[in-house]
Amino acid sequence: MQDDQMTIVSNESVARNTYEMVLQSEHVSQTAIPGQFLHIAIPNFTLRRPLSIATINREKETVTIVYKVVGAGTKQLSTFREGVALNVMGPNGNGFDLEINEKTTVLLIGGGVGIPPLHFLGKQLSEKGVTVKSILGFQSQEDIFYENSFKTFGKTLIVTDDGSYGKKGLVTDVISEINDFDTYYTCGPLPMIQAVTKQLAHKEGYISLEERMGCGIGACYACVIPTTIGVDYRKICEDGPVFAAQEVKL
Amino acid sequence: MQDDQMTIVSNESVARNTYEMVLQSEHVSQTAIPGQFLHIAIPNFTLRRPLSIATINREKETVTIVYKVVGAGTKQLSTFREGVALNVMGPNGNGFDLEINEKTTVLLIGGGVGIPPLHFLGKQLSEKGVTVKSILGFQSQEDIFYENSFKTFGKTLIVTDDGSYGKKGLVTDVISEINDFDTYYTCGPLPMIQAVTKQLAHKEGYISLEERMGCGIGACYACVIPTTIGVDYRKICEDGPVFAAQEVKL
Amino acid sequence: MSQLAIDLPGLSLKNPIMPASGCFAFGRQYSQFYDLSKLGAVIMKAATGEERLGNPTPRVTETASGMLNAIGLQNPGVEKIVETEVPFLKQFNIPIIANVAGSTVEEYEKVAATFNKTDDIAALELNISCPNVKEGGVQFGIDPKMAAEVTKVVKAASKYPVYVKLSPNVTNIVEMAEAVAAAGADGLTMINTLTGMQLNLTTKRPVIANLTGGLSGPAIKPVAIRMIYEVSQHVSLPIIGMGGIQTAEDVLEFLLAGASAVAVGTANFQDPYVCPKIIYDLPNVLEKYGFSSVEEAIGKGHA
Amino acid sequence: MSQLAIDLPGLSLKNPIMPASGCFAFGRQYSQFYDLSKLGAVIMKAATGEERLGNPTPRVTETASGMLNAIGLQNPGVEKIVETEVPFLKQFNIPIIANVAGSTVEEYEKVAATFNKTDDIAALELNISCPNVKEGGVQFGIDPKMAAEVTKVVKAASKYPVYVKLSPNVTNIVEMAEAVAAAGADGLTMINTLTGMQLNLTTKRPVIANLTGGLSGPAIKPVAIRMIYEVSQHVSLPIIGMGGIQTAEDVLEFLLAGASAVAVGTANFQDPYVCPKIIYDLPNVLEKYGFSSVEEAIGKGHA
Ligand SMILES: Cc1cc2nc3c(=O)[nH]c(=O)nc-3n(C[C@H](O)[C@H](O)[C@H](O)COP(=O)(O)OP(=O)(O)OC[C@H]3O[C@@H](n4cnc5c(N)ncnc54)[C@H](O)[C@@H]3O)c2cc1C
Ligand SMILES: Cc1cc2nc3c(=O)[nH]c(=O)nc-3n(C[C@H](O)[C@H](O)[C@H](O)COP(=O)(O)OP(=O)(O)OC[C@H]3O[C@@H](n4cnc5c(N)ncnc54)[C@H](O)[C@@H]3O)c2cc1C
Ligand SMILES: Cc1cc2nc3c(=O)[nH]c(=O)nc-3n(C[C@H](O)[C@H](O)[C@H](O)COP(=O)(O)O)c2cc1C
Ligand SMILES: Cc1cc2nc3c(=O)[nH]c(=O)nc-3n(C[C@H](O)[C@H](O)[C@H](O)COP(=O)(O)O)c2cc1C
Ligand code: FES
Ligand code: FES
C-alpha cells in the first residue's frame, strides 16, 4: 500500500452514470490482487472515496476502476480529464484468496458497481485456467458494462430488474441455472449479498463488503462489522473488504 | 449591477505574481465606469473577491482585471484557463466622477495593485481630452505593469521601493516633480493613500479604498468606514470604493 | 394548502424560504437582483433602541466552508427602521419579521414597543444571541433565566408573535428552548453563529477587529441540524431553521430535522439569487424524496 | 534548545506535532507509510477498562470541510493496550500519550491505574469529552464539578502527568479549564469534536447510526482557535491544540493562539503523510513569519 499522485489516462462513460477510469500506477499495477481497492482523495472533499480495482495492466502500468455517480464525490470524479493527477492510496484491503486449484469451477455473482472487483477476479482466475461462470445483475439495459469481458472468462448470465436485457429478475433467481460450481464470490448491494449467502449457505463462498470509511487503512474504527462467532469484529478496510461468507454478521 | 456567468478570454501573467484576466461580459463592458469593481465567486471559497476593473472593451464586450496573487483565492484564480466560466457580479460600487472639464489636468497616483482602477480612469479621461499625468509605485522592476499604457495617457513617473527601475522611493517623494495639476486620484495601500492625502490636503482629490467584504453590495455592513464629519459612516462596497479625499476617516 | 405553503404564528408563508437577519439588510440591495415578492418572508437586520455604528473593521473573514463576522449590530435604530425600511419592504407584500436586539432588558422592551407603531410587520425575532456586542446581547442567549426574562418582557410589550433566536454557544440547547417556551415565545429561530476566531499570521493579531466573530455557513450546518433535531423533540414550538443552507436539499434536511421554515444567510453573499433558486428547486426536491408538501416533511427525520 | 523542540510536563518533544487520539489507532497502520520516530509524540486511541466494540455503523460521514464520527470508544481495553500496543509504539522512541476514557469515575481510575504498570508512556490525556458514548463520558466534559472530580481521582491514581481534554460543547470553556486546573491537571488538550448531525434525505434518518456524531476538521478550526485563545488568557497550563489542522501555517495559528504543541486528527485520513509534511514545513513557516522557534511563537497572537 502506498499513497501516490496518479495521472488519469482516461475517464469515460461505460454505462448510464457509470465511468471507467484508468490511472497510471507502477506500484498498484505490479502488486494489486482482486478484491483490493483504491482510496481516492478528491480535492475539496474531506474523506477519500473507496473504489474497487476493476483490472490492472502490468505492462502499461495502469489500474482501472469503474464507478457510478451517486453523490457529489463521484460526480466530481467524473469531471476529471486525462492528464489530471489525483492523490490515490492503494492497493488497500486484503483481496480474494487466489490459491485456487485450477480444476475448480467458480461462480461470480455481482450486482451493479459490485461487479468491478469480480471482473478483476474473473480475469485472473480464467488466466490461471480456473473455470469461471458469472451472473451479473443490473437495473436496466443502459446500466450494463463489461458483459463481453465477462463472456471471455466463461458462461455469463445477465439479469435486469426491469427485464430490458437478459432475464427479468434478481441474480438469485438464476443461480439455479448454474448448478455445477465449487465456490462462489459475490459483491453488490447488501440485500443482494444477504440473499445470495442465504441461498448458498451450503457452499463455500466469499463476499466483498462496503461501509463508510474514514482512514481506509484500519486506524479509525469507522468500518467495522461484527463477526458471527464470539464477540469480535473485523475492519472492512483492513481485514476485508473480502470475507468468507459466514465470517461476519450481515 | 448584474450577477452573471462570464467566460475567461485570457488569464496571463503581466508581472511578478500579477495576472491580467479578460472576461467576456456584455453588461459590464457597456455600463462600467472607472473605479467600479467586479465581485468574483471562486468555487469552494465562501466569499467573493472584489477586484477593480482595469479596462473595458465595448466592441469586444470584454472587461479586464489585474490582480496580484496574495492568498488562496487569487492563487486559485490564477490557475483558471481560457474558456472557464466564472460567476461574476458587477459593476459594483460608485466609481469616479467623470464630469470633468477637459481643460483640467489630473494626476493619478497609484501603488501596486491599486493601479488597475486608475488605468481605466486614465484611459477614459485621456480619451475625453483631459490632460493625464501619472505616478506609479511598485516594489521592484519585476512588479511593473501597464507602464506603456499609462505613457499613452501622458507623462508617467515610475518609482520603485528598491530603486531597480525609475526613482528609488515612494510615490510621495516625486509628487513635487508634477506641480501643475488640478485634481488627483489615488489608489493603493492604505499607508500610501494616507500619506498622499496628507501631502495634498490643499488639493481636490479622490481616493479608492479597500476593505474586507461580505456581500459586496451594501447588505451586510462589513465594509464600513466612518465619515470625517458627524457620527456617520459609508459602505465601501456601495457608497464607495471612491470617496472625496476628506470625506472619510482613514 | 399549496405544496410550499406553511402557516406559523403570525406568518402565513407561501413558501418556507426567507433571508436571514443581517445578511440582507432591509432588502433594498437584493431587490436590484429579483422581485422580493417571491420570498416566503424577509427578516430584517437587527434593530436597537438608537442608531449603532457597530464594531471597527475588519468585520468579516473567510474560513473553511464558512465565514466569521462581527458587525456589531450596526443599524439606523428602530425608529428609522419603522419609518423608512418597513414601508419599503411593505410593497413586496410578504411577511416582514423584525429582528430585535439590545443591551438591556429595557432596550429590548423599547425596541419591541416601537415596532407596535407599525401594522406592517408580521412577527418579531428576538435576537438574544448576538455574540458580537460587548455589553448584553450574548448574556441573554446563554443563561436560561435571562433568556426567559427578556422573552417575557418583549412578549408583554409587543402586539406581535415573538420568535426567539437561540445561540448555539451553549452546553444545553434544549434547556434554553424550554426556558423561552415557558416564558411565552411563539416560535424559535436557530441557530445563530458559533463564536470563533482567526489569527492573521503576518500581523499576529485576530483578523476580526472585535477579536472574535460569529461562524456561519456550511461549516456549522451539522451543529444546526443536531440542535434543531434535539429541540424539536422536547419543545413543541415551531422552528425557523438556519445555518449553512445553500440548496433545496439543505432545506429538506432542516425540515426533516424539525424546522417548519428556514432562513438563508451567508449563501446570499455567494449567490444573490440563492433564495429564488431554492424556491424554484424545492418542489422537485420534495417530490424526489417522496413528499407532497413542505408540511409533510417537517420532523420526518426523527428516528 | 532546537527550533522545533518544546518541553511540557512529562513530554520532551523534539517537535510539536503529534497525531490526535482516535485518528491514528496505535500507530501500526501509519508506520507502513513513514517512520513514526519523526513525530513529536503520539496520542493513542482511547482506552477503557474493558474491551469495547463501540457503536453500530455507519460511524462516519462527510460534511462541508469536516466530518462527523461516532466510533463509540471502540478499543481492546487498557490491559491489552499496555501489553501489546505500548510495546509496539515504544520502538519509535517518542513520547507516548495514553488517552483515558470511561463511563464512571471508577472506570477512569482503573484505566489510569493500569497505565501505571508500564513505564513506557509519558503522559495521560484524560478524555472527559467524548460525545459519542451513551453513559458517562460526555457528562464529565460539560459539568465543571464532575470534570474536577474525575481529574482529581485520575491525578491521584496515576504516576503520569495528566492532560485533560476539553469538550467545545459548553457555554463557558474558561470555567471548565479553570475547574480542571484547580483539580490538579498538568495540561490541557483542546478541542474535542463539536456535536453534530446529518440526515440522509433518502432514508430520512440520521446518517450516523448513533444519531449524533462529533464534528472535526477545518470547519471547527475557528472555534478551536477562539477557545484556546480564551483559555490561555485565564489558565496558565500548557495547551496541546487541535481542531482542523492541515498545514504548518495552521500550526502557527494554534501556537499564536496559545497552544504549546498541536495534534492532527482528521487530516491524517486525507493525507497519511500529513504529520511528517507539517514537521518538514514548520521551520520555514516559523521563519517566514519571523519566529526563531516554536517556543517563541506561543501565545504571540494575543492583542
Ligand atoms: C471497499 C469498497 C469498494 C467500493 N468499490 C466501488 C466500485 O468499484 N464502484 C463504485 O461505483 N462504488 C464502489 N464503492 C462505493 C463508493 O465508495 C461510493 O459510491 C462512493 O464513495 C460515493 O461517494 P459520493 O461522494 O459520490 O457519494 P456521497 O453519498 O455524497 O458520499 C458521502 C460519503 O459517504 C460515503 N459513501 C457513500 N456511499 C458509500 C458506499 N456505498 N460505500 C462506502 N462509502 C460510501 C462516501 O465515501 C462519502 O464519504 C465501494 C465502496 C467500498 C467501501
Ligand atoms: C474595491 C476593491 C478593489 C480591489 N481591486 C484589486 C485589484 O484590482 N487588484 C488586486 O490585486 N487586488 C484588488 N483588491 C484586493 C483584493 O480583493 C484582495 O487581494 C483579494 O481579495 C485577496 O484574496 P485572497 O484569497 O488571495 O487572499 P486571502 O488573504 O486569502 O483572502 C482572505 C479574505 O480576505 C479578503 N481580503 C484579503 N485582502 C484583501 C484586501 N486587500 N481587500 C479586501 N479584501 C481582502 C479576501 O477577499 C478574502 O475574503 C481590491 C479590493 C477591494 C475591496
Ligand atoms: C454578516 C452577518 C450578519 C449577521 N447579522 C445578524 C443580525 O443582525 N441579527 C441576527 O439575529 N443574526 C445575524 N446574523 C446571523 C444569521 O442571521 C444566521 O443566524 C447565521 O449566519 C447562520 O446562517 P447562515 O449559515 O445561513 O449564514 C448575521 C450573520 C452574518 C453572516
Ligand atoms: C474518527 C475519529 C475518532 C476519534 N476518537 C477519539 C478518541 O478516541 N479519543 C479522543 O479523545 N478524541 C477522539 N477524536 C477527536 C480527535 O482526537 C480530535 O480532538 C478532533 O478530531 C479534532 O481534531 P481534527 O479536526 O484535527 O480531527 C476522534 C476524532 C475522529 C475524527
Ligand atoms: S476506515 Fe478507518 S478503520 Fe476502516
Ligand atoms: S460588503 Fe456587505 S456592506 Fe459592503
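Predicted model only: the values in this text are computed from it and were never measured. In what follows, every chain begins at residue 1, and chains take the letters A, B, ... in the order their sequences are listed.
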(Q) Is D/L211 close to chain C through its backbone or its side chain, or both, or neither, when contacts mean heavy atoms under 4.5 Å? (A) side chain

Q: Go through the atoms of C/L256 and report whether side chain, backbone, both or neither lie under 4.5 Å from a heavy atom of chain D.
A: both

Q | Engaged part of D/L201 at the chain C interface, taking heavy atoms whose separation is under 4.5 Å | A | both

Q: Kindly give the heavy-atom pair with the smallest separation between D/A179 and D/A148, and that separation in Å.
A: O-CB, 3.8 Å

Q. Listed by residue number, which members of residues 237-245 of chain D have a heavy atom under 4.5 Å from any heavy atom of chain C?
A. none

Q. Do C/I220 and D/L194 have side-chain heavy atoms sitting under 4.5 Å apart?
A. no

Please tabulate, one pair per line, the donor and acceptor atoms of chain D and chain C that lie under 3.5 Å from each other, or say none if there are none.
{"from": "C/S65", "atom 1": "OG", "to": "D/S65", "atom 2": "OG", "distance (Å)": "2.6"}
{"from": "C/T171", "atom 1": "N", "to": "D/T171", "atom 2": "OG1", "distance (Å)": "2.9"}
{"from": "C/T171", "atom 1": "OG1", "to": "D/T171", "atom 2": "N", "distance (Å)": "2.8"}
{"from": "C/T171", "atom 1": "OG1", "to": "D/T171", "atom 2": "OG1", "distance (Å)": "3.2"}
{"from": "C/T195", "atom 1": "O", "to": "D/R226", "atom 2": "NE", "distance (Å)": "3.0"}
{"from": "C/T195", "atom 1": "O", "to": "D/R226", "atom 2": "NH2", "distance (Å)": "3.3"}
{"from": "C/M197", "atom 1": "N", "to": "D/P222", "atom 2": "O", "distance (Å)": "2.9"}
{"from": "C/L199", "atom 1": "N", "to": "D/E253", "atom 2": "OE2", "distance (Å)": "3.0"}
{"from": "C/K204", "atom 1": "NZ", "to": "D/Y289", "atom 2": "O", "distance (Å)": "3.0"}
{"from": "C/R205", "atom 1": "NH1", "to": "D/K300", "atom 2": "O", "distance (Å)": "3.2"}
{"from": "C/R205", "atom 1": "NH1", "to": "D/H302", "atom 2": "O", "distance (Å)": "3.3"}
{"from": "C/P222", "atom 1": "O", "to": "D/M197", "atom 2": "N", "distance (Å)": "2.9"}
{"from": "C/R226", "atom 1": "NE", "to": "D/T195", "atom 2": "O", "distance (Å)": "3.0"}
{"from": "C/R226", "atom 1": "NH2", "to": "D/T195", "atom 2": "O", "distance (Å)": "3.3"}
{"from": "C/E253", "atom 1": "OE2", "to": "D/L199", "atom 2": "N", "distance (Å)": "3.0"}
{"from": "C/Y289", "atom 1": "O", "to": "D/K204", "atom 2": "NZ", "distance (Å)": "3.0"}
{"from": "C/K300", "atom 1": "O", "to": "D/R205", "atom 2": "NH1", "distance (Å)": "3.3"}
{"from": "C/H302", "atom 1": "O", "to": "D/R205", "atom 2": "NH1", "distance (Å)": "3.3"}

(Q) Heavy-atom cut-off 4.5 Å, strictly under: side chain, backbone, both or neither for C/L199 against chain D? (A) both

Q: Kindly determine whether C/I191 and C/L166 satisfy side-chain contact (heavy atoms from CB on, under 4.5 Å), including the steps that lead there.
A: CA-CA 6 Å; C/I191 59 174; C/L166 300 183; 6.0 Å; no

Q) If you round to the nearest 0.5 Å, how far is CD1 of D/I173 from CE of D/M227? A) 4.5 Å

Q | Proximal component of D/L252, with respect to chain C [non-hydrogen, under 4.5 Å] | A | both

Q. Can you name the closest pair of heavy atoms from C/I208 and C/A70 and give their distance?
A. CG2-CB, 3.5 Å

Q.
Quick check for you: to the nearest 0.5 Å, what is the distance between D/I228 atom CD1 and D/M190 atom CE?
A. 5.5 Å

Q | Nearest heavy-atom neighbours spanning D/P206 and C/G301 | A | CD-O, 3.5 Å

**Q.** Exercise: identify the closest heavy-atom pair between D/G265 and D/C23
**A.** CA-SG, 3.5 Å

**Q.** Residue pair C/P222 / D/M197, side-chain heavy-atom distance below 4.5 Å
**A.** no

